[in-house]
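See structure below.
These values consider heavy atoms only, across backbone and side chains, with no hydrogens, waters or symmetry-generated copies. Residue numbers run from 1 in the order of the sequence given.
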Amino acid sequence: MRQNPSETLRRVFPKVREALHVAGVEMQLTAAVSFLTILQEEAVSIHAYAHSFLQVILLHLEHRDAGVSNAWLETLLSVIEVLPRETLRHEILNPLVSKAQLSQTVQSRLVSCKILGKLTNKFDAHIIKREILPLVKSLCQDVEYEVRSCMCRQLENIAQGIGTELTKSVVLPELIELSRDEGSSVRLAAFETLVNLLDVFDTEYRRPDTFRMFLETGSFKGGWPQLAGFCQRPWRSGVEVGLQREREQKRLACSITSFFPKSNPIPDDRSQTILPLVKSFCEKSFKADESILISLSFHLGKLCHGLYGIFTPDQHLRFLEFYKKLCTLGLQQENGHNDNQIPPQILEQEKKYISVRKNCAYNFPAMIVFVDPKNFHLELYPTFFCLCHDPEVPVRYTIAICFYEVSKLLNSGVYLIHKELITLLQDESLEVLDALIDHLPEILELMSTGGESSVQENKLSSLPDLIPALTAAEQRAAASLKWRTHEKLLQKYACLPHVISSDQIYYRFLQRMFTIVMTNNVLPVQKAASRTLCVFLRYNRKQEQRHEVIQKLIEQLGQGKSYWNRLRFLDTCEFIIEIFSKAFFCKYFFLPAIELTHDPVANVRMKLCYLLPKVKSTLKIPADKHLLQQLEMCVRKLLCQEKDKDVLAIVKRTVLELDRMEMSMDAFQKKFYEKDLVDQEKEREERLLLEMEQLEREKQQNDGRPMSDKIFEKKRRDSKTPTQSLPKGIPVSVPGPSSVTPSTSKEIKKSKLVRSQSFNNQAFHAKYGSLEKCASKSSAAGYTPPVSGLAKTSVLSVTDDSFRTRNASSLPPSFSPPSSLPSTSRGTAPSVDPKGSASKDSQPRKATFPENPILKSTA
């Protein structure tokens, strides 16, 4: 059909049609699917499809196999959507009149019910009223309960096609009669259809603004202002005033009478018809008809929402108590029998009760709206507690899914459910944990900012058990075989910098992430831990801790003994490029990354080749010209010395890609404008994090401490060796003499503290996932960090030179002794030739760099 539809229809299709008469079930099912595919792909025109395929589909609708019959019916229902109206009337509707008669088989009448539900939206109201509705009434009164139930479920589609008036006059009476049917399946179908039609019965006549609409649409010419003035006008004595008022009253009465005639009083279907039916269903569900109990519990939230405006206070309370009773259904009898000797009927009943409680958990957010979130603590908190501690996993799983919606509805009252969050995080079932962590970042953000205490320093005070619960949840996920849950949990932990303090993350989570990267055997889990580790590093607010983490990444991953760890180092480099600024990557990770071009394992070199285009994208010319030269040198060595044919092929493709790349400049370019803005914003935030650290440290030192303590602390810091005070190999710079007066210095520090605190509120209250979004297009703010001088005392400078601006090419590079972190300063260091000979895999890899002549001279 795709290649030559005309010849296929002429030569192939007649043989297919003949073969279908004697075909088996598999061929029939395949033919039904093929006919539907031809329709969906529009291989032939609609006219040709109706002429060739429609009769074959109609012929096999009543196949003796139910599966085959349903397959052909699904194909026909799809065809009805696209066929023209005339074809539908002559080919489908007219034969349907005879197919729906009682003399036909039950299967034929069932098919007729489903076709009628589909046809209603295709014809005008007068055709529906004259030809379709009589068939609908006949099938609603069929002698077989299966046909009545099937037709009842199609009444919703029919009501949407015939409009409100016909629905009230035709569909609603049929629904009322079917709700009293002797068959339980029919009553269940009637109840569910009734719930789905609540919006239809909420007509314009019942809306509170109907009378205002009546006045403003011209029925009362004076309009709403004139009527309001008329109603507020006081009585005055006098014949003339009395006659005028009498005339206005008569005119108003005539207008209202013409709008609401006596023959058509204001309908109240929900309160007069639907509400009594719902009350009857609720009473029977406990007494005589438990078949409707599961459906009633599932639709209870929709019912309470649809009938909310007509409840009296007493009815409101009754429905709320009914919901509470359903939430604990079956829990009272749980321990009343021996688990080894449970009768089958009791087992079946318990399964039904579990489904009811599960449905109640599903409807819990709707019930919060029903009672008003302000009344949650008094009305629904005990019920929420029971659902979170339910003995059955499906119930707790469902309430865990709804936990985020509940948190949003409670808003400032979210503190009421802190304990339940901890309970679900500590749940023994990983299914419950998996359901909860889907929205864990949003939940934790609401928990940390909801209520009166939204200051960042007070975040942990309201969640004292959060950190132990989170660590225990990760350990349970790691000990299980469900690595996808473990991966998802590690990904969601990236939101923690916005919720808890930097020190808490460093001491309770960061080392755990590093351990997972080093020891876990599942690659997706390792990558998730690596990315979360980078996010923790990004928001860490202590320079010593940052340098320690960077040193571990380079020494234990980039220079590790295992090639698997070195592969993970390259994954980490990719995340660093994504999350941090380009200057940060070039400062700490550029040289260790390109040094792996000499790795003895081919897989490591191959992975590095794939990463090289991203590495090159972090460079800017002319500030990073020396780094570009080193990159080109490494690529040339790979081309000349690579012996592995697979790696060599990838190197050649990478060289072509690198040649096609356009380098970004220090100055803003039009094609890189948005990316440069994002990178500049990252650099600004990184600098402000360093400023905040220094200012907070100085504030802690100056607030209420005796001078002797300050002198002692200064001597203690000065007496420490670099290996004691800082991680091994962290470059340090020494501040020179200050030329600012003390009063002026205090004012500057105070203004910086205010600015850093405002950034703190902005950066750390952002939603999880802001790293992936583009930063706002702000103007480029020039920033030049202070240049440190040389003195005898070695202390950390105010700003880390890893975040210096690209135009600071005159600043001297500061390389530490041979065991220090590899770092590069843009535009200052000479070209460095990495090691030409690759060490063996059994020994750790060390980065070697030439001595810095500037440091040599200053020494």
Side-chain angles (χ1 to χ4, degrees), residues 16-36 39 49-50 52-81 83 87-123 128 131-158 161 171 174-175 177-178 181-190 192-193 291:
V16 173
R17 183 172 52 196
E18 293 176 2
L20 286 176
H21 288 291
V22 294
V25 173
E26 292 184 2
M27 186 174 180
Q28 290 276 355
L29 293 174
T30 306
V33 174
S34 299
F35 284 18
L36 181 59
L39 174 70
Y49 191 93
S52 303
F53 294 90
L54 184 58
Q55 291 302 321
V56 179
I57 296 172
L58 293 172
L59 183 64
H60 294 89
L61 280 178
E62 300 180 26
H63 195 277
R64 61 182 178 273
D65 186 273
V68 174
S69 178
N70 289 332
W72 285 113
L73 178 61
E74 291 299 324
T75 303
L76 178 62
L77 295 179
S78 300
V79 172
I80 289 175
E81 291 288 343
L83 288 179
T87 304
L88 288 174
R89 186 169 185 179
H90 291 95
E91 299 294 338
I92 298 178
L93 182 58
N94 291 341
L96 201 63
V97 177
S98 61
K99 295 289 185 182
Q101 300 301 319
L102 285 174
S103 57
Q104 298 293 327
T105 62
V106 174
Q107 185 176 356
S108 177
R109 302 203 298 275
L110 289 173
V111 170
S112 300
C113 293
K114 295 179 180 179
I115 294 176
L116 283 174
K118 199 72 172 181
L119 284 175
T120 310
N121 296 324
K122 305 296 291 185
F123 293 102
I128 295 173
E131 300 185 17
I132 294 181
L133 289 184
L135 294 176
V136 171
K137 289 183 177 181
S138 174
L139 292 170
C140 284
Q141 299 170 5
D142 197 276
V143 295
E144 297 293 337
Y145 74 92
E146 298 151 326
V147 179
R148 298 196 301 273
S149 176
C150 183
M151 191 67 252
C152 184
R153 294 190 180 277
Q154 298 300 320
L155 290 179
E156 180 183 354
N157 296 328
I158 293 171
V171 175
E174 295 296 333
L175 273 177
E177 185 175 351
L178 291 170
D181 196 274
E182 59 185 8
S184 60
S185 62
V186 181
R187 294 195 301 271
L188 181 61
E192 294 178 353
T193 304
S291 61

Nearest-0.5 Å distance, [atom1] of residue [X] to [atom2] of residue [Y]:
X      : Y      : atom1 : atom2 : value
Thr87  : Tyr49  : OG1   : OH    : 13.5 Å
Ser138 : Leu133 : OG    : CG    : 12.5 Å
Leu135 : Ser112 : CG    : OG    : 8.0 Å
Glu131 : Asn94  : CD    : CG    : 6.5 Å
Asn70  : Gln107 : CG    : CD    : 8.0 Å
Cys113 : Leu96  : SG    : CG    : 9.0 Å

Taking every non-hydrogen atom, the tightest pair across [X] and [Y]:
X      : Y      : result
Ala31  : Leu20  : CB-CD2, 3.7 Å
Leu110 : Val147 : CD2-CA, 3.8 Å
Ala190 : Leu175 : O-CD2, 3.9 Å
Ala32  : Thr75  : O-OG1, 3.2 Å
Arg187 : Asp181 : NH1-O, 2.8 Å
Phe123 : Ile128 : O-CD1, 3.4 Å

Do [X] and [Y] touch side chain to side chain, with heavy atoms closer than 4.5 Å?
X      : Y      : result
Lys118 : Leu76  : no
Leu155 : Leu178 : yes
Thr120 : Ile158 : yes
Arg109 : Val106 : yes
Lys122 : Ile132 : no
Glu62  : Thr105 : yes
Leu88  : Leu93  : no
Glu182 : Arg148 : yes

What class does the angle between the rings of Trp72 and His60 fall in, given that below 30° is parallel, 30 to 60° is tilted and above 60° is perpendicular?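 The arrangement is parallel - the two ring planes meet at less than 30°.
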Residues Arg153 and Glu192 bridged, charged N to O under 4.0 Å: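 A salt bridge is present here (some side-chain N lies under 4.0 Å from a carboxylate O).
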Check whether [X] reaches the backbone of [Y] with its side chain - one donor and one acceptor, N or O, closer than 3.5 Å.
X      : Y      : answer
Glu81  : Leu77  : no
Ser108 : Lys99  : yes
Thr193 : Ala189 : yes
Ser149 : Glu146 : no
Thr30  : Glu26  : yes

Tell me, yes or no, whether the heavy-atom count around Lys114 atom NZ, taken from other residues, nucleotides or ligands under 6.0 Å, exceeds 12. no
List the steps, then state whether side-chain contact (heavy atoms from CB on, under 4.5 Å) holds for Glu91 with Gln55. CA-CA 8 Å; Glu91 299 294 338; Gln55 291 302 321; 2.6 Å; yes
Tell me, with the steps shown, if Val16 and Val56 meet side-chain contact (heavy atoms from CB on, under 4.5 Å). CA-CA 10 Å; Val16 173; Val56 179; over 6 Å; no
